[in-house]
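Below is one structure, written out as structure tokens; comments come after it.
Below, chain A is the first sequence line, B the second, and so on; all start at residue 1. As the structure is a computational prediction, the values presented were derived from the model and not from experiment.
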Amino acid sequence: MNEIESVGKSENFLDQIIRSELSGGFDKKNLRFRFPPEPNGYLHIGHAKSICINFGFGKEFSSPVNLRFDDTNPEKENTEFIDSIKNDIKWLGFDWDEECYASDYFDQLYDWAAHLIREGKAYVDDQDQVKIAEQRGVPSSPGTNSPFRERDVQTNLDLFHKMKTNHFKPGECVLRAKIDMNSPNMHMRDPVMYRIINHEHHRTKDHWVIYPTYDWAHGQSDYIENISHSFCTLEFEVHRELYDWFIENIPKKKKLLPKQSEFARLNVSYTIMSKRKLLELVESNVVDGWSDPRMPTISGMRRRGIPPDAIRNFCDKVGVSKRENIIDFALLDFCTREVLNKTAYRLMVVLDPVELEIINYPEGKNEMLTAENNQEDSSYGRREVSFSKNLYIERDDFKEESNRKYFRLSIGKEVRLKNGYIIMGDKVEKDKNGVITKIFCTYDPNSRSGSGTEESLRKVKGTIHWVDKNNHEIIDVNLYDRLFKIQSPDENKEVDFKSHINENSLIKVKNVYAESSIKNVNFDNYYQFQRKGYFKLDSKNEKLTFNRTVTLRDTWKS
RNA sequence: UGGCUCAUGGUGUAACUGGUAACACGUCUGGUUUUGGUCCAGAAGAGUCUAGGUUCGAGCCCUAGUGAGCCAACCA
């Protein structure tokens, strides 16, 4: 975006923070952002918001954005997650400047911790976790000091060195910052800086047995990388005081210090965003892994067929503020349809077929009709579709009797076969249960689409899609719906969120009739099965399988 | 000894730092259309949580309430 364009545009409060600093003399060259995921899960739509915010500022101000893995807890993190995160960010269309790891700073962090000890601002505490928690007290009343709080510097230094050199077992002791056990902010009550974890780290392997906590690592990493603005979600608001305290108390050579600002995390109706719960769905096999098309993960949405531009547009429309919010699922659907309408190749596929015979169409005749691949964009070209006497149409595109509001086929009523002829319903054939097994109709031979004849130009209220009975492909289709039945599945902590799962969130439809040109589909393109919705190829084995991304908007009220 | 944050149509975000609320989604009309899609035109829907105060004038400032969220992991 250039300067002109950005002028009239309303800015969010993060924008305003940056701009007011810029106008206050902050050099634009010193702007630098970062996206700091922990590699302990797959990225989801909530992360996409954060990615769009940080990388968006990078674009807006032509500033570098680091990708930094907050890998301070080896028990939960691994390289599978790192790879997926990098892949997802790229797919969303963003590039980072430097690929960083908090673990790259472990040496520096250790030295700084020793410095704090020497300054009398950190100490080794031999108490166990429950004792420490007890002494921390509750928010409404002060805590009490640890009996180890006043250890002398040399003792602390020795102990800290021993922690590092594997003299203690996990839980035996921790390094704590010496701040204020009386602070109304719980995070200032001598927070833990290092704990002992005997677990191989995916990068530093077995080099370390002590690991810095989030609070001790995050701000310092920002400082090391010259991050100017450290944006995070609201729950870190109470951490800011500690973030600032650490940076204030390390020995600094730089004058520009990073600043943390917080925005509200994204919530979307009918889904969950908690990584822990998403993991639970994966591990309990409720879904088909992290990339199940019903998952709000980036990889799930990709497999579902939601294009990256749609996700970016969505994040843009969602806005940035400090208010708790629940975004209507319909907004994501809108964004998806908006880009797919312009980009999807159209095909004719009949999901729930019933046979249609054209009585007056010559037996054995076959003709190829011309169809547009995308009526929004002629550059998508045209294709040929096979047509003959016997076809399949959608079962609910026919009613024996109908009123004026029903535009589709019925006895004595005309309808257009998409790209083909105008037909009129004649009679039906039923089985002994009264279920229609075949529909008979007559066609107007002069009404072929594109023929330019007077008959072909006639206005008919309805148009339906169809597939040639004698020339088609057979595919499988996965019909997806929202994963949960209620708007806020994890709102009530008493009830297991999994009890709200929509048991119809996946309907597998086998042996669906599709026009034969579907043989030519590929994984890069997006498709619209006309009048049915947008679909994405999921697998291309002997049999094609498609995932329904989203239905077409439907305003018809019967 | 509790602290911090937030409060604008159904949803989300704006409102040039004081000049009687705008945009998007959704909803509802009508038109176009060989997708009941798209597109086009239009409508309804809030007087900005409450009560005071400052001011010629307040969604924006002040005070007090009310409601909601976050914080008591050796998670991030």
Exercise for review: Give, for atom CZ of Arg195(A) and atom CE of Met163(A), the distance between the pair rounded to the nearest 0.5 Å.
Suggested key: 10.5 Å
Quote, to the nearest angstrom, the [atom1] distance that separates [N] from [M].
N: C61(B); M: A14(B); atom1: P; result: 15 Å
N: G9(B); M: G45(B); atom1: C1'; result: 6 Å
N: A73(B); M: U13(B); atom1: P; result: 30 Å
N: G69(B); M: C23(B); atom1: C1'; result: 27 Å
N: G67(B); M: C49(B); atom1: C1'; result: 7 Å
N: A15(B); M: G47(B); atom1: C1'; result: 14 Å
N: C6(B); M: A44(B); atom1: P; result: 34 Å

Using a cut-off of less than 4.0 Å, is there contact between a side-chain N or O of [X] and OP1 or OP2 of [N]?
X: Arg136(A); N: C74(B); result: yes
X: Thr72(A); N: A76(B); result: yes
X: Arg195(A); N: C75(B); result: yes
X: Lys317(A); N: U13(B); result: no

Are [X] and [Y] close enough for a salt bridge, meaning some N to O gap below 4.0 Å?
X: Asp125(A); Y: Lys131(A); answer: no
X: Arg34(A); Y: Glu225(A); answer: no
X: Lys342(A); Y: Asp377(A); answer: no
X: Lys259(A); Y: Asp222(A); answer: no

Practice item. Classify the nucleic acid contact of Val320(A) as base, sugar-phosphate or nothing, counting any heavy atom under 4.0 Å across all strands shown. Key: sugar-phosphate
Check your understanding: Just checking Ile327(A): base, sugar-phosphate only, or nothing, at a heavy-atom cut-off of under 4.0 Å?
Key -> sugar-phosphate
The side chain of [X] lies closest to which of these nucleotides: [options]?
X: Glu235(A); options: G26(B), C70(B), A73(B); answer: C70(B)
X: Phe334(A); options: U17(B), C74(B), G26(B); answer: G26(B)
X: Glu237(A); options: A76(B), C4(B), U33(B); answer: C4(B)
X: Met186(A); options: C71(B), U11(B), C75(B); answer: C71(B)

**Study point:** Contact state string [nucleotides 35-45 of chain B, B base, S sugar-phosphate only, - no protein heavy atom under 4.0 Å]
**Key:** BBBS-------
Over how many whole Å does the gap from [X] atom [atom1] to [N] atom [atom2] extend?
X: Asn325(A); N: A68(B); atom1: CG; atom2: P; value: 18 Å
X: Arg276(A); N: A76(B); atom1: CZ; atom2: P; value: 17 Å
X: Arg240(A); N: G3(B); atom1: CZ; atom2: P; value: 17 Å

Check your understanding: Is there a Watson-Crick or G-U wobble partner for C39(B) with both distances under 3.5 Å, and which nucleotide is it?
Key -> G31(B)
Study note, to complete from the structure: In terms of heavy-atom contacts, Lys178(A) and Trp245(A) come closest through O-CZ2, 4.0 Å
Practice item. Considering non-hydrogen atoms only, spot the tightest contact between Arg312(A) and Cys52(A) and give its length. Key: CG-SG, 4.0 Å
**Study point:** Distance-only donor-acceptor test, His239(A) side-chain atoms vs A76(B) base atoms, 3.5 Å
**Key:** yes
List, one per line, each side-chain donor-acceptor pair under 3.5 Å for residues 327-336 of chain A, sequence neighbours excluded.
from      : atom 1 : to        : atom 2 : distance (Å)
Asp328(A) : OD1    : Ala330(A) : N      : 3.0
Thr336(A) : OG1    : Leu332(A) : O      : 2.9

